[in-house]
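Chain letters run A, B, ... following the sequence lines, proteins first, then strands; residues in each count from 1.
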Amino acid sequence: MKIATYNVNGVNGRLPVLLRWLKETAPDVACLQELKAPPEKFPEQAITDAGYEAIWHGQKSWNGVAILSKIGKPQELRRALPGDPDDVNSRYIEATVNGILIGCLYLPNGNPAPGPKFDYKLSWFKRLHAHAKDLLAQDIPVVLVGDYNVMPTELDVYKPESWVNDALFLPEVRDAFKNLVAQGWTDAIRTLHPGEKIYTFWDYFRQAYTRNAGLRIDHFLLSPHLEKRLKAAGVDKEVRGWEKSSDHAPVWIQLDK
DNA sequence: ATGGCTGCGTCACGCAGA
């Protein structure tokens, strides 16, 4: 079973690229972030025609997450992270597919730091930490996947020294990610590729992709059940080089069965 | 250090992204 994540940066503006990627790489499940579209503007027909059933949580202009599957419709469990009923941003959707609980997330960027946006990022992280703990306690196969907006270590940044004051790399944020993983999760990409420079995002500015000035900020966290089934993981890097691409590249894992 | 690029919403820029 192949599960992928892709921050599309606008699901409608990105539709040709998204459809080409789905066709060429054929993930069983695809988690999308940054739909940047209200619910009624989700391109359901095109996704259906591509062979996928989908659930989504849209929002006008910003955020927005979706789970696509071609092995049975995702059975939705929730469409918000618990812990703050006043948080109206669509940044989380959760469903089961083929016996796996999939949490598709888009963690806040947090810039500028310090400030209210950074506070929001940290509080969102706290809520994720609490929910992740509950999920682990259920002792079932879980993947928490998406755009975490965190580079976990210096290896995950092309030029660490220029990011030390950024909300994606500040010690508090790296600690939050580390503490989350320490609950018992497996960072799939890093576990299969220790010591390797792997990026999932390249800025639109200054020819970042051509220079390989990237960041690793899209992650798969696997519960112990899935860690045992993890066979391969990678980044569809070439997609970032396509015409009209997102600033993120798709990331995927291959599970046994 | 800064600005650079892109999508969205509305229709000339402002906001947000990372």
Legend entry - Touch class at under 4.0 angstrom, heavy-atom based, for A/Lys121 against every strand present: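 No contact at all - A/Lys121 keeps every heavy atom at 4.0 Å or more from the nucleic acid.
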Taking [M] as the reference, what is the distance to [N] when you measure between their [atom1] atoms (whole Å, please)?
N      : M     : atom1 : answer
B/dG14 : B/dG4 : P     : 14 Å
B/dC8  : B/dT2 : P     : 29 Å
B/dC15 : B/dG3 : P     : 16 Å
B/dA12 : B/dG7 : C1'   : 15 Å

Legend entry - Under-4.0 Å side-chain N/O to phosphate OP1/OP2 contact, A/Lys41 with B/dG9: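 No.
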In whole Å, what is the span from the [atom1] atom of [X] to the [atom2] atom of [N]?
X        : N     : atom1 : atom2 : answer
A/Asp166 : B/dA1 : CG    : C1'   : 14 Å
A/Asn12  : B/dG9 : CG    : C1'   : 13 Å
A/Asn165 : B/dT2 : CG    : P     : 12 Å
A/Glu243 : B/dC5 : CD    : C1'   : 14 Å
A/Arg14  : B/dC5 : CZ    : C1'   : 12 Å

Legend entry - Closest to side chain of A/Arg206, choosing from B/dG7, B/dT10, B/dG4: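 Output: B/dG4.
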Inset, instruction - Could you encode protein contacts along nucleotides 11-17 of chain B as a string, one character per nucleotide from 5' to 3', using B for base contact, S for sugar-phosphate-only contact and - for no contact, with a heavy-atom cut-off of under 4.0 Å? - result: -----SB
Legend entry - Minimum heavy-atom distance between A/Arg14 and A/Val8, given as atom pair plus value: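 Distance-wise, the nearest heavy atoms are NE-O, 2.7 Å.
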Do [Y] and [X] meet the salt-bridge criterion of a basic N to acidic O distance under 4.0 Å?
X        : Y        : value
A/Arg190 : A/Asp156 : yes
A/Arg127 : A/Asp87  : yes
A/Arg216 : A/Asp187 : yes

Legend entry - Matching residue for A/Gln33 among A/Ser246, A/Cys104, A/Ser90 - test: side-chain contact (heavy atoms from CB on, under 4.5 Å):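 So the option named by the test is A/Cys104.
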Inset, instruction - Let me know which of A/Val29, A/Val97, A/Asn98 forms a side-chain contact (heavy atoms from CB on, under 4.5 Å) with A/Pro74. - result: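 Looking at A/Val29, A/Val97, A/Asn98, the match for A/Pro74 under the side-chain contact (heavy atoms from CB on, under 4.5 Å) is A/Val97.
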Legend entry - Residue mapping more 5' on DNA chain B - nearest nucleotide basis, A/Ser245 or A/Leu168: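 Checking each residue's closest nucleotide, the 5'-ward one belongs to A/Ser245.
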Inset, instruction - Could you tell me whether A/Lys73 atom NZ has more than 12 heavy atoms of other residues or ligands within 6.0 Å of it? - result: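 No, the 6.0 Å shell around NZ holds no more than 12 heavy atoms from other groups.
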